[in-house]
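Step one of this worksheet: look at the structure below.
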Amino acid sequence: MAVLANQRINAQRLWDTLGEMALIGPGVAGGCNRQTLTDADSAGRHLFARWCKDAGMSMGVDTMGNMFATRAGTDPSALPVYMGSHLDTQPTGGRYDGVLGVLGALEVVRTINDLGLRTRRPIVVTNWTNEEGARFAPAMLASGVFAGIHTQDYAYGRTDLEGKTFGEELARIGWMGDEVVGARKMHAMLELHIEQGPILEAEGKTIGVVTHGQGLWWLEITLAGKDAHTGSTPMNMRVNAGLGMARITERVHQIAMAHQPNAVGAVGQVKVFPNSRNVIPGKVIFTVDIRSPEQGKLDLMRGEVERAAHAVAAELGLGCSIEPVGHFDPVTFDPDLVKVVRGAAERLGHAHMDIVSGAGHDACWTNRVAPTVMIMCPCVGGLSHNEAEEISPEWAAAGTDVLLHAVLEVAEVVE
Ligand code: HGY
Ligand code: MN
Ligand code: MN
């Protein structure tokens, strides 16, 4: 299809669109705090919906709030090609994590409109609800329900730190749609995303052809000790849940280091009770995040973390319970779609390399129900989940150009 060989998206329009979305739910340091199911999330959804309407797309919303904007194909009976990601952000998130995938997909449709092209298959731009899992664990919750991993009842019952439930908040912001979640069938799903790691930039590559995604466990550990005075309680009489959390956090780091390469581990969320300066914590709830692209290593680490937690608790006389609150096995993306993405990067002349995704993405779940692939662009210093997250307009355009060419190939341009 020579006519398309040199087609490119409108890089300035994409960059301006990203900038406009970033103004909704702004952070305090230049990034974003547009957490899922907040009023800011709702405002971002309304803006996205308006843009989709302006681009001539029809919008569907399912019972998990997942948004699906459709550009019609010439064959309405053909399964659509989906592309998208998420608009929700971390509390101290960047402007591009997830957002590039949704607004890059919108730019692809805008460009196809400008070119006056028709495709046999419909094309659907998607915004998945609660990819981050920062407010309601686990991550990728709504795409997980869509893929049949979680039940909707489980999802609706998830609570945030204030005890509000996912279902209540989705209804409150008015984005509980009527489509049955998971009823839609996909011919393919493509997700554009920033790498959130340092590899592409360090290797001087513009495009990551994502062949695999690493697996993850989120283990929520509750340690029960005894509240007591930090001043008057003798050291040998303390039952200190905070000390237990600190020792287990160190063990998690040691376990990940012992499984290098291709293993990571950390504790990101800690709730200390009563969280008073002069009270020895009688209770601590914290989540361990361990990941590896190797199934055996991932399972080994989970066992080692659980044994270490119970051993530390026994040493300190603490109660210890462990609940998995997030999990997915390592992912292998669709080899044929990987070839399509690699071919598009080559045709466009972008330096590219195969890469394994370090972060989890909605694509990890859609991969269970449809052929799926990811496209990555670099981010500065590999930094993400930080308000200083940064990409260049050129990287954003390159990733979106590859998405354009891959989607046109898979959706089949009609001459
Ligand atoms: O946790 C993750 O990997 C993703 O950013 N939600
Ligand atoms: Mn993301
Ligand atoms: Mn993220």
Side-chain angles (χ1 to χ4, degrees), residues 18 21-22 25 27 31-36 41 44 66 83-105 126-144 147 149-150 155 158 189-197 199 208 210 212-220 256 262-269 287-293 298 324-331 355-367 372 374-379 382-391 396 399 403:
L18 288 164
M21 180 59 75
C32 289
N33 178 12
R34 193 172 53 245
Q35 295 183 62
T36 196
D41 181 21
N66 295 314
M83 53 176 174
S85 190
H86 61 94
L87 291 173
D88 68 304
T89 76
Q90 287 284 334
T92 55
R95 297 173 154 224
Y96 309 105
D97 170 1
V99 183
L100 177 64
V102 178
L103 301 185
T126 305
N127 170 34
W128 298 105
T129 303
N130 189 36
E131 187 280 341
E132 290 294 357
R135 184 181 176 198
F136 300 99
M140 297 102 77
L141 181 59
S143 53
I149 310 299
H150 309 299
R158 304 303 290 159
M189 168 74 193
L190 297 92
E191 180 168 3
L192 168 63
H193 207 286
I194 62 172
E195 180 198 339
Q196 300 183 291
I199 298 167
V210 188
H212 299 81
Q214 66 176 350
L216 160 153
W217 277 105
W218 279 1
L219 303 173
E220 185 174 89
N262 299 331
V264 291
V267 170
Q269 186 185 72
T287 302
V288 174
D289 178 324
I290 49 175
R291 309 192 192 199
S292 174
L298 182 66
V325 293
H327 171 239
F328 52 88
D329 289 332
V331 168
I355 193 169
V356 175
S357 174
H361 301 284
D362 296 304
C364 298
W365 284 146
T366 62
N367 191 57
T372 296
M374 292 190 73
I375 302 161
M376 284 186 173
C377 74
C379 53
L383 184 65
S384 185
H385 285 194
N386 183 309
E387 290 206 45
E389 176 187 277
E390 197 53 71
I391 64 173
L403 182 65

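Every number for a ligand or one of its atoms is a count from 1 in the order of the listing. Just so it is clear, the values below take in all heavy atoms, side chains as well, and ignore hydrogens, waters and symmetry mates.
A donor-acceptor contact closer than 3.5 angstrom links the side chains of Ser384 and Glu389. Counted by atom type alone, Asn66 and Trp128 present zero donor-acceptor pairs between their side chains at under 3.5 Å. In this model, no donor atom of one side chain and acceptor atom of the other lie less than 3.5 Å apart for Asp362 and His86.
Closer than 4.0 angstrom to ligand 1 lie heavy atoms from Glu131, Glu132, Ala139, Arg291, Ala359, Gly360, His385.
Taking distances strictly below 2.8 Å, the protein N/O/S atoms close to the Mn ion (ligand 2) are His86 NE2, Asp97 OD1, His193 NE2.
Listed by first and then second residue, the salt bridge (charged side-chain N to carboxylate O under 4.0 Å, His left out) pairs that reach into residues 126-144 are Arg135-Asp160, Arg135-Glu169, sequence neighbours excluded.
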Side chain to side chain contact (heavy atoms under 4.5 Å, CB included) between Ile375 and Val210, worked out:
CA-CA 6 Å; Ile375 302 161; Val210 188; over 6 Å; no
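One N or O on the side chain of Glu195 and one on the backbone of Ile199 form a donor-acceptor pair closer than 3.5 Å. Using a distance-only test at 3.5 Å, with no hydrogens or angles considered, no donor-acceptor pair links the side chain of Ser85 to the main chain of Glu191. In terms of modelled atom types and a separation under 3.5 Å, the side chain of Arg95 and the main chain of Leu18 share no donor-acceptor contact.
Here Glu387 pairs with nothing under the side chain to side chain donor-acceptor pair (under 3.5 Å) rule; sequence neighbours left out.
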